[in-house]
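What follows is a single structure, written as structure tokens, with notes after it.
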Amino acid sequence: MNKHELPKTYDFKLTEPRIYAMWEAGGYFQPWNDPNKPDFDPTIKPFVIAIPPPNVTGELHLGHAMFVSVEDLMIRYHRMKGIPTLWIPGTDHAGIATQLMVERHLLQTEEVTRETLGREEFLKRTWEWKRKYGSIITNQIRRLGASCDWTRERFTLDPGLSRAVREAFVRLYEKGLIYRGLRLINWSPGLKTAVSDLEVEYSEEEVTLYYFKYMLKDSDEFIPVATIRPETILGDTAVAVHPADERYKKFIGRTAIVPILNREIPVIADEYVSMEFGTGALKITPGHDPNDYEIAQRHNLPIISVLDAEARINENGGKYKGQDRFEARKNLWEDMRAAGLTLKEEKYVTTIPRSQRGGEIIEPMISTQWFVKMDSLAQAALEAVRDGRIRIVPERFEKIYFNWLENIKDWCISRQLWWGHRIPVWYCPDGHMTVAREDPTQCATCGSQDIHQDEDVLDTWFSSGLWPFSTLGWPDETPDYKYFYPTSYMETGYDILFFWVARMIMMGLEFTGQVPFHTVYLHGLVRDEIGRKMSKTTGNVMDPLEVMDQFGTDALRFTLLVGSTPGNDMNLSVKKVEANRNFANKLWNIGRFVINAVSSVAPQAPDTESQSPITDHWTLADSWIWARLQQLIRDVERQFQNFQYGQAGQQIYDFIWSDFADWYVEIAKEQMKNPKTETQTAVTLARVFDVSLRMLHPFTPFVTEELWGHLRSAILQSPISSLAKDWPQALIVARFPEPRKPEGWEAQKITDFELIREIVRSIRNLRAEKSVAPAKKIAAIFVAGAKTDLLKEQSRVIASLAGLDASQLSIHQSLNEKPQDSAPLVVGSVEIYIPLAGMVNLAEERARLEKELKEAESHIERLEKLLAGDFAHKAPPALVQKEREKLASYKETAEKIKAQLK
RNA sequence: GGGCGCUUAGCUCAGUUGGUUAGAGCGUCUCUCUUACACAGAGAAGGUCAGGGGUUCGAGUCCCUUAGCGCCCACCA
């Protein structure tokens with residue numbers, strides 16, 4: 001009959017790709033106020049998020065699903081508020097990760113290493129790889145429903161962004177904030193590159209602590225020393241003891257002999273040495289230990305490096321040259337044992353530095369690298385958060401942020417890799433450095449044309465740090481940059497607060513003089529259902545693509561958004577996603593019902609212009625659901641303002657399922673049968689459903705868009721078409737509901753309806769208790785007192801929902817004699833008698849009533865005590881009033897029950 | 001060594017200006033394929049909100065403390 005025959009089950013597989021294509025083709029992802037267009041209005045403030053760029057060769061994981069869900073929610077919400085909204089997408093070249101991937105691939109397929117290919121060829125291959133696979137991740141982001149402006153997509157190695165990197169480097173250099181120097185840095189022997197402090201992870205491990213003798217020159221005396229890395233003995237340049245240590249005082253200033261190598265080194269005194277720990281004496285290896293390095297600086301000790309790039313012993317290691325560090329450790333120890341220099345070995349638990357990427361043990365090494373001076377940058381970044389220009393949500397991360405920045409050390413930014421932004425510095429044979437924005441042809445100092453560029457590339461995070469403005473055209477003052485910068489929110493996982501967020505803030509302030517965003521929202525990590533980190537080795541990785549295949553994108557998104565709170569990790573289980581798939585389907589079926597109702601409105605239906613559903617002929621249910629909806633809109637708005645997205649989603653869910661579907665829709669079925677109420681019911685259904693879809697859209701964009709389209713066209717083709725006359729083509733740009741001040745009638749309607757609802761529930765309850773067949777209509781007698789009019793008015797509703805026989809239903813203000821052979825119920829001040837011939841067991845009924853009486857009385861007791869105390873004059877009057885009313889109601893109930901029991 | 005988070009129904013978790021004997025989903029039990037939906041409907045059972053102390057008229061919510069779990073930061077060989 002109607003044109004809107006929708007299938008019984010929501011088919012997300014067909015719907016999602018179609019809807020996404022519609023959005024993208026419709027240009028909805030682009031800000032409606034565009035600085036590059038003639039009708040641009042610069043006075044309208046936009047809402048902007050720069051996406052955390054996924055690795056260009058990465059694969060979609062739940063971390064992506066999480067940030068897309070949250071950011072798309074933020075973006076869609078603001079877009080629906082009518083704000084010009086821009087979500088800038090893009091990808092990160094991810095230096096180490098990508099280079100490793102390509103290297104591995106080349107080795108597998110062609111059996112070549114990057115070294116044999118050479119730098120130029122290797123980079124060519126990597127670009128090919130990027131071109132071939134780089135769009136996989138962005139397409140997967142699309143599948144999540146991300147409403148990014150793909151016309152503004154960026155890649156960190158794009159010419160524009162590369163220019164920004166150079167600009168940033170040169171400016172910092174010219175300001176003296178970038179320097180090159182020989183320093184002790186963290187070296188990754190597996191990756192053969194320096195890494196920053198952040199890229200080193202420490203894990204507690206059990207190792208061996210080796211005790212040995214440091215023999216003193218020309219003497220049988222020795223100083224006992226302990227180490228966990230015996231191979232570093234080869235690089236020792238001193239033995240240190242505490243100046244006040246009675247045991248070793250006498251050795252200070254003497255000479256010790258390095259085992260096996262027989263090098264002579266001094267015994268020095270330094271307060272750093274702890275007398276209580278170990279043997280109280282310390283071997284000093286400035287070339288391979290940060291503390292020793294500092295001590296060496298104080299005492300002017302030589303620095304000897306004994307390891308090469310792959311952590312093999314170098315020429316300074318005598319006969320151990322060429323041996324791997326662990327091999328050398330074993331061999332050296334054996335030799336020392338043979339020489340009678342060892343004392344003992346014991347098990348020892350300590351923190352071991354490991355590479356975040358490769359997992360191998362990081363080796364501190366002396367090396368020439370590029371650094372960024374952090375003091376002034378960090379200071380500015382601290383200020384920005386302290387003075388509130390940037391707000392971090394949840395707030396507790398501010399402390400963590402402060403703590404890190406207050407203790408920050410210079411940032412090693414050079415990497416011995418090929419894939420990345422090459423350091424824009426050229427050297428001539430005389431050692432002059434030329435630092436330039438454009439590739440120079442000659443040395444800036446001496447004019448020599450024999451110049452070569454620094455071999456190293458920059459840390460990936462250097463370019464990521466520029467992301468919020470480099471994507472908008474900086475350093476040029478482009479229209480996009482001028483309008484969209486600074487961005488609004490920065491949304492990302494708390495695990496990259498230091499790596500990325502802090503650096504963006506520092507660089508943003510340094511280069512643009514503005515905070516790059518005013519709000520940082522940090523989400524938690526997604527873990528498996530029992531809280532374990534998802535990892536390939538544990539085998540508990542959930543693939544978002546599979547989850548979406550099985551349950552749909554909306555279900556996954558809703559699950560990630562609801563039940564997770566900012567900054568807290570969440571445990572994700574398939575069960576939850578399934579439950580939310582069910583919700584999408586529930587919504588779908590509510591939609592089918594609503595659309596059907598709209599389509600069946602009689603042609604001569606009256607006009608529906610009135611915006612308020614409160615006219616004389618609107619039913620209690622109509623008014624109630626509308627009032628509840630207004631309440632919900634207010635709650636949701638508040639929740640959005642406070643970043644409580646999960647809470648907002650949950651409330652919308654509850655409203656739709658528990659209020660709208662379970663109650664209003666059921667009542668609507670009855671009202672639709674009555675020509676008098678048919679139209680208003682369809683209108684109410686349509687309105688409430690429309691608003692629900694709008695509110696839900698940022699959470700579950702696909703199913704809501706699809707349903708809204710059907711709803712809209714159903715309305716436009718119906719006699720109530722004026723309802724949708726101002727609606728746009730697509731829900732994605734429809735207005736998000738605005739909260740209104742509660743109107744006077746709302747509270748009363750809600751209270752009245754609650755009574756009806758309680759009455760229905762208690763009758764249903766009784767039916768279940770008495771095992772009355774569900775289809776059986778039963779009689780009922782109501783004694784309603786002051787509520788008589790209300791009940792009379794609602795008798796049809798009560799009858800249909802509670803399965804009563806309308807012809808055997810009577811409502812009295814009072815009754816002299818209580819009906820015989822009936823089960824008595826008391827709801828508030830209303831008494832209900834259900835005649836159940838032969839099924840009423842007097843003893844049972846008494847027991848039930850007594851139980852209810854006891855409950856009411858315990859409430860009375862509690863409330864009386866409460867109201868007799870300080871509560872009555874200390875608590876807010878409105879609250880006291882509410883409790884008084886409750887007490888009165890319980891008292892009435894109790895009296896009614898007592899009367900029953902007589 | 002600092003700092004932070006978590007501990008609420010059998011399970012996974014919500015519960016943000018403290019307001020009155022706690023909510024959801026899943027699971028369990030009883031009914032029902034009632035013309036939107038069995039990916040559903042109706043009903044039910046289930047919690048001394050980790051333990052202790054305090055502030056308050058009132059605490060799951062604020063303060064102190066203890067315990068367990070987890071995370072971050074930190075140079076003790």
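This structure is a prediction, so every number in the text was calculated from the model and none was measured. Labels below follow one simple rule: chain letters A, B, ... track the order of the sequence lines, proteins then strands, and each chain is numbered from 1.
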Atom CG of A/Leu198 and atom P of B/rC73: how far apart are they, to the nearest Å?
-> 8 Å
Candidate nucleotides B/rG43, B/rC73, B/rA36, ranked by approach to the side chain of A/Arg592 - the nearest | B/rA36
If you take atom types as modelled and just measure distance, does the side chain of A/Lys8 reach the base of B/rA36 with a donor-acceptor pair under 3.5 Å?
-> no
Identify whether any heavy atom of A/Val562 sits under 4.0 Å from a base atom; if not, whether one sits that close to sugar-phosphate; answer base, sugar-phosphate or nothing.
-> nothing
Walking RNA chain B from its 5' end, the first of A/Pro566 and A/Asn585 to be reached, judged by nearest nucleotide, is A/Pro566
Protein-nucleotide distance (A/Glu885, atom CD; B/rU20, atom C1'), rounded to Å = 15 Å
So what does A/His859 touch, heavy atoms closer than 4.0 Å: a base, only the sugar-phosphate, or nothing?
-> base
Which nucleotide in the set B/rG15, B/rC75, B/rC37 lies at the smallest distance from any side-chain heavy atom of A/Lys409?
-> B/rC75
What's the closest nucleotide to the A/Arg761 side chain, out of B/rG43, B/rG19, B/rC73?
-> B/rG43
A/Trp657 side-chain N/O to B/rG25 phosphate OP1/OP2 under 4.0 Å = no
Opposite nucleotide pairing with B/rC29, Watson-Crick or G-U, both atom distances under 3.5 Å = B/rG43
Looking only at heavy atoms, the pair that brings A/Gly280 and A/Arg247 closest together is CA-NH2, 3.9 Å
Remember a base hit wins even if backbone is also touched, and classify A/Thr350 as base, sugar-phosphate or nothing at under 4.0 Å, heavy atoms.
-> sugar-phosphate
Could you tell me whether the phosphate oxygens of B/rA77, OP1 or OP2, come under 4.0 Å of any side-chain nitrogen or oxygen in A/Tyr348?
-> yes
Could you please name the option among B/rC73, B/rA14, B/rA40 that lies closest to any side-chain atom of A/Asn403?
-> B/rC73
To the side chain of A/Arg764, which of B/rG19, B/rG43, B/rA77 is closest?
-> B/rG43
In whole angstrom, give me the gap between the C1' atoms of B/rC64 and B/rU17.
-> 23 Å
Would you please classify the geometry between the A/Phe660 ring and the A/Phe655 ring as parallel, tilted or perpendicular, with 30° and 60° separating the classes?
-> parallel
Short side-chain N/O contact from A/Asn407 to OP1 or OP2 of B/rC73, under 4.0 Å | no
Which value, in whole Å, describes the distance between the P atoms of nucleotides B/rG60 and B/rU16?
-> 12 Å
B/rA24 and B/rG41, which share atom name P, separated by this distance in whole Å | 14 Å
By nearest-nucleotide position on RNA chain B, the 5'-leaning member of A/Asp662 and A/Ala872 is A/Asp662
Pairwise C1' distance for B/rG46 and B/rG27, with rounding to whole Å | 11 Å
So which nucleotide from B/rU20, B/rA14, B/rA36 ends up closest to the side chain of A/Leu866?
-> B/rU20
Confirm from the modelled atom types if A/Tyr202 and B/rC73 form a donor-acceptor pair under 3.5 Å, side chain to base only.
-> no
If you check every side-chain atom of A/Ser274, which of B/rA77, B/rA40, B/rC75 has the closest atom?
-> B/rA77
For the pair made of OH in A/Tyr214 and P in B/rA77, what is the distance, rounded to whole Å?
-> 18 Å
Under 4.0 angstrom, heavy atoms only, what part of the nucleic acid is A/Ser564 near: base, sugar-phosphate, or nothing?
-> nothing
Atom CZ of A/Phe660 and atom C1' of B/rC37: how far apart are they, to the nearest Å?
-> 14 Å
Between B/rC76, B/rG19, B/rA42, which one does the side chain of A/Pro876 approach most closely?
-> B/rG19
Span that lies between the C1' atom of B/rU65 and that of B/rG23, in whole angstrom = 29 Å
Which part of the nucleic acid does A/Lys399 contact within heavy-atom distance under 4.0 Å: base, sugar-phosphate only, or nothing?
-> sugar-phosphate
Is A/Glu666 touching bases, backbone alone, or none of the nucleic acid, heavy atoms closer than 4.0 Å?
-> base
Would you say the ring centroid of A/Phe583 lies under 6.0 angstrom from that of A/Phe558?
-> yes
Take the protein atom CD1 of A/Ile295 and the nucleotide atom C1' of B/rC75, then report the distance between them rounded to whole Å.
-> 10 Å
A/Trp663 ring centre to A/Arg764 NZ or CZ under 6.0 Å, with the angle to the axis within 45°?
-> yes
What pair of heavy atoms forms the shortest contact from A/Leu632 to A/Gln651, and how long is it?
-> CD1-O, 3.6 Å
Are the aromatic rings of A/Tyr645 and A/Tyr521 close, with centres under 6.0 Å apart?
-> yes
Check: B/rC39 base within 3.5 Å donor-acceptor of A/Lys586 side chain = no
Tell me, yes or no, whether the heavy-atom count around A/Gln297 atom CD, taken from other residues, nucleotides or ligands under 6.0 Å, exceeds 12.
-> yes
Taking atom C1' in both B/rU21 and B/rG25, compute the distance separating them and give it to the nearest angstrom.
-> 24 Å
Quickly work out the A/Ile400 CD1 to B/rG5 P distance and round it to whole Å.
-> 8 Å
Mind calculating the distance between NZ (A/Lys886) and C1' (B/rU20) to the nearest angstrom?
-> 6 Å
B/rU20 to B/rA38 separation - P atoms, rounded to the nearest Å | 38 Å
Distance-only donor-acceptor test, A/Arg396 side-chain atoms vs B/rC4 base atoms, 3.5 Å | no
Under 4.0 angstrom between A/Lys673 side-chain N/O and B/rU35 OP1 or OP2 | no
Counting any heavy atom closer than 4.0 Å, what does A/Tyr653 reach on the DNA or RNA strands: base, sugar-phosphate only, or nothing?
-> sugar-phosphate
Does CD in A/Glu855 sit with more than 12 non-hydrogen atoms of other residues, nucleotides or ligands closer than 6.0 Å?
-> no
Which part of the nucleic acid, if any, lies within contact of A/Asn642, taking any heavy atom under 4.0 Å across all strands shown: a base, the sugar-phosphate backbone alone, or nothing?
-> nothing
Paired nucleotide for B/rG70 [Watson-Crick or G-U wobble; both distances under 3.5 Å] | B/rC4
Who does B/rU56 pair with, Watson-Crick or G-U, both distances under 3.5 Å?
-> none
Interatomic distance where CG belongs to A/Leu863 and C1' belongs to B/rG19 [whole Å] = 13 Å
For the side chain of A/Thr227, counting heavy atoms from C-beta on, which of B/rA77, B/rA40, B/rG19 is nearest?
-> B/rA77
CD of A/Glu395: more than 12 outside heavy atoms within 6.0 angstrom?
-> no
B/rG53 and B/rA67, which share atom name C1', separated by this distance in whole Å | 15 Å
Is A/Ala579 touching bases, backbone alone, or none of the nucleic acid, heavy atoms closer than 4.0 Å?
-> sugar-phosphate
Indicate, yes or no, whether a donor-acceptor pair under 3.5 Å links the base of B/rA14 to the side chain of A/Gln644.
-> no
With a 4.0 Å cut-off on heavy atoms, is A/Ala661 in touch with a base, just the backbone sugar-phosphate, or nothing at all?
-> base
Of all the nucleotides listed (B/rC73, B/rA77, B/rU12), which has the minimum atom distance to the side chain of A/Phe277?
-> B/rA77
Taking atom CZ of A/Arg796 as the centre, report whether more than 12 heavy atoms of other residues, nucleotides or ligands fall under 6.0 Å from it.
-> no
Under 4.0 Å between a side-chain N or O of A/Thr9 and OP1 or OP2 of B/rC37?
-> no
